[in-house]
Number of protein chains: 2
Amino acid sequence: MPLVNDVKWVETLTFRFGVLGALVADRYARALAEHDLKPKHVGLLSVLDAGLGASQLEIAKLMRVAPSLVVSLADHLEAAGAVERLRDPADRRRQILRLTDRGHDLLARCTARATALDAELTAGLTPAQQAALGAAFDRLAAAHGLPLHEDPDATPR
Amino acid sequence: MPLVNDVKWVETLTFRFGVLGALVADRYARALAEHDLKPKHVGLLSVLDAGLGASQLEIAKLMRVAPSLVVSLADHLEAAGAVERLRDPADRRRQILRLTDRGHDLLARCTARATALDAELTAGLTPAQQAALGAAFDRLAAAHGLPLHEDPDATPR
DNA sequence: CCAAACCGTTCTAGCCATGAATGATTTGGA
DNA sequence: TCCAAATCATTCATGGCTAGAACGGTTTGG
């Protein structure tokens with residue numbers, strides 16, 4: 001395959017997602033440390049808030065992590081008083097995770113923090129660019145079957 | 001602070017960067033496994049290709065990783081014949097890393113692979129949306145002082 | 001009624017990345 | 001000129017995060 005591709009690696013979306021994603025993740029992780037949480041903890045909280053995940057196994061599938069990881073995440077959140085475990089009376093193998101008031105409050109705080117980071121991150125963008133970015137992300141998430149995304153309106157034509 | 005923020009966590013850019021970034025990183029990592037490389041290896045290759053990083057310490061700063069990690073990355077790439085280490089004659093403490101022909105070739109292959117992934121990823125987007133996404137990424141990278149980015153033209157006004 | 005499947009949990013192991021300690025080399029000031 | 005401090009690369013020990021195997025309790029279907 002002697003055909004040469006003159007696109008530089010740096011110009012690739014894949015690369016940019018990598019560096020920017022790392023930047024955003026790092027900032028977010030540091031902001032969350034204030035509440036003694038990791039990003040995945042918030043992920044779990046949001047799944048519960050959305051009313052998804054009747055069992056821990058389903059949550060694991062939604063979050064695309066190992067079931068055993070959900071256990072430790074839930075342990076931590078339970079110890080923090082953010083969630084409570086209830087045996088499913090219909091199937092006593094299952095644990096039903098429920099957000100406590102404190103859990104809702106915690107999620108709200110984390111969301112507010114993330115929103116502040118968003119503003120900081122996109123400070124150099126015009127409102128139009130910000131909107132375009134958000135719309136593109138929505139489409140990408142929908143196109144790749146990610147959970148927890150809002151269905152983007154079929155605006156373009 | 002009784003003031004309630006009604007933005008949902010899912011609607012946050014921070015969240016979307018997290019999930020999409022993970023998706024992209026995972027795909028890319030799996031594609032790279034074919035060449036027995038990790039994303040950071042390609043990061044190092046691209047730094048060298050750009051002519052940056054006179055010493056391993058500078059490379060570590062550019063890549064924002066620990067100097068000791070650069071050692072192991074370079075070890076692997078050297079074993080693969082992609083880079084060679086040369087003692088800097090002017091300062092014999094320094095190792096100068098240089099891309100071999102095989103290194104250039106490897107980087108080109110990885111870039112081509114990433115470009116293919118880009119196309120796959122953005123298949124659901126209109127060309128205008130793709131362009132907007134790329135432009136937004138450029139601005140973000142520039143605004144946050146990331147290395148290896150093209151300086152976006154000062155088009156807006 | 002029992003074997004197979006299922007759920008949550010614990011425990012072990014692997015990978016990636018960091019930070020401290022080391023040896024070689026250079027530098028700047030007395 | 002000479003020596004202490006700084007610098008660079010390297011090695012080693014450590015920690016965090018995650019997956020996977022193994023296990024007990026529970027349900028299901030033949």
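Below, read A as the first sequence line, B as the second, and so on, with proteins coming before strands; counting in each chain starts at 1. Computed from heavy atoms alone, side chains included, the values below leave out hydrogens, waters and symmetry copies.
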Worksheet entry | Most 5' of A:Ser72 and A:Pro89 on DNA chain D, judged by nearest nucleotide | A:Ser72
Worksheet entry | Closest-nucleotide ordering on DNA chain D, the 5'-leading residue of B:Leu57 and A:Arg92 | B:Leu57
Worksheet entry | Candidates C:dT18, C:dT10, D:dA19 - which lies nearest the side chain of B:Ala66 | C:dT18
Discussion item. Heavy atoms from C-beta onward define the side chain here; which of C:dG8, D:dT11, C:dT18 lies closest to that of A:Ser55?
Written reply: C:dG8
Discussion item. Show, in sequence, the C-alpha distance, side-chain angles and deciding distance for A:Arg85 and A:Gln56, and conclude whether the side-chain hydrogen bond (donor to acceptor under 3.5 Å, both in side chains) test is met.
Written reply: CA-CA 10 Å; A:Arg85 275 191 242 239; A:Gln56 292 185 193; 3.1 Å; yes
Rounded to whole angstrom units, what separation is found between the [atom1] atom of [X] and the [atom2] atom of [N]?
X	N	atom1	atom2	result
A:Arg64	D:dA19	CZ	C1'	17 Å
B:Gln95	C:dT25	CD	P	11 Å
B:Ile59	D:dT10	CD1	P	11 Å
A:Asp75	C:dC11	CG	C1'	14 Å
A:Arg87	D:dG24	CZ	P	16 Å
B:Gln56	C:dA24	CD	C1'	14 Å
B:Arg94	D:dA9	CZ	P	7 Å
B:Asp91	D:dT7	CG	P	12 Å

Item to complete: Using the six-membered ring wherever Trp is involved, compare the ring planes of A:Phe137 and A:Phe17 and label them parallel, tilted or perpendicular (cut-offs 30° and 60°).
Response: parallel
Worksheet item: Hey, is the side chain of B:Lys40 poking within less than 4.0 Å of OP1 or OP2 on C:dA17, counting only N and O atoms?
Response: yes
Worksheet item: When you check the phosphate oxygens OP1 and OP2 of C:dT9, does a side-chain N or O of A:Arg85 lie under 4.0 Å from one of them?
Response: yes
Worksheet item: Is A:Ser68 side chain donor-acceptor paired with the C:dG8 base, going by distance under 3.5 Å alone?
Response: no
Worksheet item: Donor-acceptor pair under 3.5 Å: do we get one between A:Arg93's side chain and the base of C:dC6?
Response: yes
Discussion item. By nearest heavy atom, map A:Ile96 and B:Leu73 onto DNA chain C; which one lands nearer the 5' end?
Written reply: A:Ile96
Worksheet entry | Lys/Arg-Asp/Glu bridge criterion (N-O < 4.0 Å) met for A:Arg92, A:Asp88 | no
Discussion item. With a 4.0 Å cut-off on N to O distance, would you call A:Asp138 and B:Arg16 a salt bridge?
Written reply: yes
Discussion item. Base, sugar-phosphate or nothing for B:Val65? Non-hydrogen atoms, less than 4.0 Å.
Written reply: sugar-phosphate
Practice prompt. Could you please spell out the steps behind the salt bridge (Lys or Arg N to Asp or Glu O under 4.0 Å) verdict for B:Glu78 and B:Arg98?
Written response: CA-CA 10 Å; B:Glu78 191 178 27; B:Arg98 216 176 63 79; over 6 Å; no
